[in-house]
Amino acid sequence: MDKRIVVLISGRGSNMLAIAAALRAERWPAAIVGVIADRPQAGGLARAAEMGLPTAVVDYRSFARRDDFEGALREAIDALAPDAVVLAGFMRVLGAPFVEHYRGRMLNIHPSLLPAFPGLATHRRALESGVAVHGATVHFVGVDVDDGPIVAQAAVPVLAGDDEDTLAARVLAQEHRLYPMALRWLLEDRLRIDGARVRLEGPHPGESRLLWHDER
Ligand code: GRF
């Protein structure tokens, strides 16, 4: 039976689209069974609908308490019986019971090489800090923000002429390779979590948890 993926978004949804495209191109035995946004304005909703993906909104502003929002979100997700829950630019901090409920089957992508630069404005902070390498991380979702066992990372150089936009674009292009790859490993049941560490079982030749893209 096809594996079932639910994607949570808040914004434009380019990672969601990259996953949908990979799924089609590589003919995974998997399907995106729902794209759920926490706000009706999320641009990715229309893009998902154009691709024929089922969409829903659980609007965080309709709930007075975070627990109530998370309860409603959980109901919406669980109704879709997912094997994997994918946070793709989902801008809400999730409480411990929610995280616990999806432990081992919920991934997030963060636009930095964690544990460097958790939180917001990662590209600006990377430029300000003077690092020569930057990137993105796919990790299992843990209780702390942008924390949890790291599945895979993509690294890119920081170039002399970079501003926030050029650096963000270079990282985003790699996010679109990284997230489908990591999700596929999860769906193939090849990821073993050992404390803070993740082991990839049965790596094929050339397969690595590090994507390195140096376009200079
Ligand atoms: C990405 O940079 C992702 O790493 C971060 O939010 C952004 C979402 O972009 N968590 P998109 O909505 O997938 O285009």
Side-chain angles (χ1 to χ4, degrees), residues 5-25 32 34-51 53 55-60 73 84-94 98-99 102 106-127 131 133-158 162-184 186 209-213:
I5 304 163
V6 169
V7 186
L8 305 189
I9 62 169
S10 300
R12 69 196 156 181
S14 72
N15 277 290
M16 175 264 300
L17 292 175
I19 289 167
L23 235 140
R24 285 186 187 179
I32 296 177
V35 175
I36 304 177
D38 66 341
R39 59 198 77 189
Q41 309 86 342
L45 284 170
R47 300 173 79 185
E50 278 163 23
M51 290 196 78
L53 303 174
T55 62
V57 177
V58 180
D59 191 345
Y60 71 97
L73 183 60
V85 177
V86 172
L87 309 188
F90 188 69
M91 297 303 285
R92 305 245 68 79
V93 175
L94 297 164
F98 189 97
V99 168
Y102 298 106
M106 182 158 65
L107 297 177
N108 181 44
I109 189 159
H110 180 74
S112 80
L113 292 174
L114 290 172
F117 313 124
L120 299 174
T122 56
H123 308 305
R124 179 168 54 70
R125 288 157 62 208
L127 285 170
V131 291
V133 62
H134 184 45
T137 303
V138 172
H139 62 94
F140 283 104
V141 176
V143 170
D144 295 324
V145 176
D146 300 326
D147 189 34
I150 290 174
V151 176
Q153 294 187 300
V156 302
V158 179
D162 268 338
D163 59 24
E164 232 177 297
D165 291 340
T166 56
L167 185 55
R170 189 174 309 119
V171 171
L172 189 65
Q174 297 313 307
E175 291 186 36
H176 295 162
R177 297 173 61 208
L178 184 72
Y179 216 169
M181 179 183 90
L183 173 60
R184 186 162 190 174
L186 174 66
R209 294 171 55 230
L210 170 67
L211 293 183
W212 166 243
H213 185 72

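One-based numbering, in listed order, for ligands and for the atoms of each.
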Sorted by chain and residue number, the salt bridge (Lys or Arg N to Asp or Glu O under 4.0 Å) partners of R170 (sequence neighbours excluded) come out as D162, E215
Protein heavy atom at shortest distance from atom 9 (O) of ligand 1:
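Residue, atom and distance for the closest contact: R12 NH2, 3.2 Å.
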Among non-hydrogen protein atoms, atom 6 (O) of ligand 1 lies closest to G89 CA, 3.5 Å
Answer yes or no: does an N/O atom from [X] fall short of 3.5 Å to an N/O atom of ligand 1?
X    : result
I109 : yes
M16  : no
E175 : yes

Review point. Taking the six-membered ring of Y60, is NZ or CZ of R92 closer than 6.0 Å to its centre and within 45° of its axis?
Key: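 Yes, R92 sits over the ring of Y60.
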What do you reckon, does I9 put a non-hydrogen atom under 4.0 Å from ligand 1? no
*Heavy atom of G13 under 4.0 Å from ligand 1?*
yes
Checklist entry - Do side-chain atoms of Q153 reach the backbone of R209 as a donor and acceptor pair under 3.5 angstrom? => result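 No, because the side chain of Q153 does not come within donor-acceptor range (under 3.5 Å) of the backbone of R209.
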Exercise. Quick check: does any side chain N or O of Y179 sit under 3.5 Å from a backbone N or O of L107, one acting as donor and the other as acceptor?
Worked result: yes
Please assess S112 against H134 for the test side chain to side chain donor-acceptor pair (under 3.5 Å), listing each intermediate value before the final yes or no. CA-CA 6 Å; S112 80; H134 184 45; 5.8 Å; no
Closest non-hydrogen atoms of V133 and A155, given as atom of the first, atom of the second and distance, are CG2-CB, 3.8 Å
